[in-house]
Protein chains: 2
Amino acid sequence: MPNIGEQHANLDQQAYTTIKEMITDRQLLPGEKIPQEKLASELGISRTPLVNALKFLEKEKLVEAKPRRGYYVRLFTPAEMISIFELREVLEGLAARRAAEKISDAQIERLKGFFTGFSAGEAITDTHLYSQQDREFHRFITDIGAMEFLSSILQAYNIISFSYQVLGADGLVRPPDETILEHRAIIDAISRRNATTAEEMMRRHFKRTTAYIKAQLAAEQAEQQRAS
Amino acid sequence: MPNIGEQHANLDQQAYTTIKEMITDRQLLPGEKIPQEKLASELGISRTPLVNALKFLEKEKLVEAKPRRGYYVRLFTPAEMISIFELREVLEGLAARRAAEKISDAQIERLKGFFTGFSAGEAITDTHLYSQQDREFHRFITDIGAMEFLSSILQAYNIISFSYQVLGADGLVRPPDETILEHRAIIDAISRRNATTAEEMMRRHFKRTTAYIKAQLAAEQAEQQRAS
DNA sequence: TAATTGAATTTTGCATGCAAAATTCATTAT
DNA sequence: ATAATGAATTTTGCATGCAAAATTCAATTA
């Protein structure tokens with residue numbers, strides 16, 4: 001579900017998607033100035049749709065406009081990273097609640113299929129696969145539970161994908177052995193169509209992640225203090 | 001806190017604000033086509049910033065773009081109206097929780113000043129005043145509690161102001177005698193800096209409003225059914 | 001009279017032009 | 001050598017131009 005010009009392939013949308021990818025793929029780095037003329041000609045378009053795309057990305061906080069000085073790729077602050085997870089807590093909590101209310105039998109089967117590759121007692125070694133399933137899992141639930149506005153908020157603010165900026169190389173915030181139990185609890189609650197518990201479990205999942213990030217940031221700061 | 005080009009008065013922002021007001025003030029009516037050339041010259045600007053503003057409003061769902069056919073003022077569907085209140089439930093719930101954690105002594109005094117004009121036992125007759133305080137009340141709490149992203153989401157999606165489309169002439173969804181107790185419970189929880197209760201009370205407040213709207217819509221539909 | 005066709009007009013989507021602001025770079029002064 | 005000045009260049013913010021698409025409207029036909 002694209003979030004600006006729906007489907008009709010206009011150049012704004014095209015530029016928007018491309019630049020967004022360039023930022024997520026780290027082709028454009030935080031702090032870097034975005035060269036309008038250059039990028040436009042690279043994309044084979046004029047400055048007009050390029051600038052439109054940048055204006056959208058500005059609203060999503062992916063770039064920063066410095067008036068009369070151009071657009072710069074933005075770096076999220078620790079406070080913002082925490083905010084993103086606090087928002088995901090309540091928004092995905094809502095999505096989980098609604099998913100439990102709306103889910104079909106077929107979708108329950110697919111939901112139960114997540115994380116089956118990882119057996120209960122054993123330590124999880126394939127963190128790459130786990131990370132991938134993690135994202136798909138959250139997306140699956142929000143796709144089912146999200147109604148008007150919710151999905152576009154989660155997408156427009158790039159909350160889901162950009163949450164993954166605090167992550168380790170494997171693309172995970174917390175170790176899989178810790179999160180898999182929470183994921184299973186969410187799957188269980190939604191499968192039983194228990195809306196209240198589903199929301200509760202999703203929120204608990206994010207609360208723990210938020211706490212983890214806060215602790216990590218505190219540790220980092222202490223480290224920096226010590227180094228100076 | 002404006003939500004596009006921060007403060008530096010650019011024409012995009014100016015057009016954005018003006019059109020938004022024209023929609024809220026019902027100078028532009030739902031379904032109506034927005035005449036670009038005409039509006040631009042009325043605002044004394046060219047089509048460029050005007051169209052930019054429309055693109056932003058499209059993302060906020062206030063207008064709808066029909067490719068190659070122009071922009072139209074949008075009408076919210078009943079399903080969307082309900083979604084808006086469900087989102088406010090979780091978002092303002094989060095804001096209330098954070099407000100309880102962050103609020104200063106001076107702010108507590110101001111918070112306690114809300115709805116003091118309405119005495120406990122008596123029926124509320126000045127619905128206009130109540131409606132105004134209602135909005136200010138919610139805004140006060142979100143201003144205190146909102147962190148990065150939250151305020152811009154609440155604003156960008158126009159959730160607060162546009163929730164007031166289902167309203168009666170007085171600008172209220174539910175009768176004041178019903179909501180004032182809930183408002184007082186929220187004030188109380190935040191003043192006691194009880195974050196959990198504050199969130200709980202705010203959510204309960206919205207849950208009831210959502211239920212009320214759903215009931216009203218169901219009644220309206222039954223009415224229409226009967227008429228045909 | 002109502003429906004159909006097509007030419008004239010309007011409007012959209014995007015590129016380009018242009019002045020004002022910002023930046024760069026060479027020159028001069030300290 | 002570093003700092004200060006200002007001219008040349010680049011870049012931004014917005015208006016305007018233009019082709020393609022859509023709409024309007026008059027003329028024609030059924």
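Basis for what follows: all heavy atoms, side chains included, without hydrogens, waters or symmetry-related copies. Here is the naming used below: chain letters follow the sequence lines, and residue numbers restart at 1 for every chain.
The interatomic distance linking L11(B) (CG) with dG13(D) (C1') rounds to 8 Å, in whole Å. Regarding L43(B), its CG atom lies at a distance of 15 Å from the C1' atom of dC14(D), rounded to whole Å. Following rounding to the nearest Å, Y72(A) (OH) and dT12(D) (C1') show an atom-to-atom distance of 11 Å. We find that CG of N52(B) is positioned 12 Å from C1' of dC14(C), with the value rounded to whole Å. Whole-Å rounding puts the L50(B) CG to dC14(D) C1' distance at 13 Å. Rounded to an integer number of Å, the gap from NZ of K66(B) to C1' of dA22(D) is 13 Å.
Nearest-nucleotide mapping onto DNA chain C: of G44(A) and R69(A), the residue sitting toward the 5' end is G44(A).
For residues 22-55 of chain A, no pair satisfies ring pair (Phe, Tyr, Trp, His ring centres under 6.0 Å), with sequence neighbours left out.
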Side chains of residues 25-39 of chain B: which donor-acceptor pairs under 3.5 Å do they make with residues two or more places apart or in other chains?
residue: K33(B); atom: NZ; partner: R69(B); partner atom: O; Å: 3.3
residue: K38(B); atom: NZ; partner: E42(B); partner atom: OE2; Å: 3.3

Determine all donor-acceptor pairs shorter than 3.5 Å in which one atom belongs to a side chain in residues 103-111 of chain B; sequence neighbours excluded.
residue: S104(B); atom: OG; partner: Q107(B); partner atom: N; Å: 3.1
residue: S104(B); atom: OG; partner: Q107(B); partner atom: OE1; Å: 3.3
residue: D105(B); atom: OD1; partner: R193(B); partner atom: NH2; Å: 2.8
residue: Q107(B); atom: OE1; partner: S104(B); partner atom: N; Å: 3.0

Polar atom pairs (N or O), protein with nucleotides 16-20 of chain D, under 3.5 Å:
residue: dT16(D); atom: O4; partner: T48(B); partner atom: OG1; Å: 3.3
residue: dG17(D); atom: O6; partner: R47(B); partner atom: NH2; Å: 3.3

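For Q14(A), the side-chain hydrogen bond (donor to acceptor under 3.5 Å, both in side chains) test picks out no residue, with sequence neighbours left out. Scanning for side-chain contact (heavy atoms from CB on, under 4.5 Å) contacts around R226(A) gives E223(A), with sequence neighbours left out. Shown here are the side-chain hydrogen bond (donor to acceptor under 3.5 Å, both in side chains) partners of R98(B), two or more places apart in sequence or in another chain: E86(A). Residues that satisfy the ring pair (Phe, Tyr, Trp, His ring centres under 6.0 Å) test with F115(B), not counting sequence neighbours, are Y130(B), F137(B), H183(B).
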| said: For a side-chain hydrogen bond (donor to acceptor under 3.5 Å, both in side chains) check, start with the C-alpha distance between Y16(B) and E60(B), then their side-chain angles and the critical distance, and finish with the verdict. | reply: CA-CA 11 Å; Y16(B) 169 84; E60(B) 296 183 13; 2.5 Å; yes
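Contacts between residues 30-38 of chain B and DNA chain C, counted as heavy-atom distances below 4.0 Å, involve K33(B), Q36(B).
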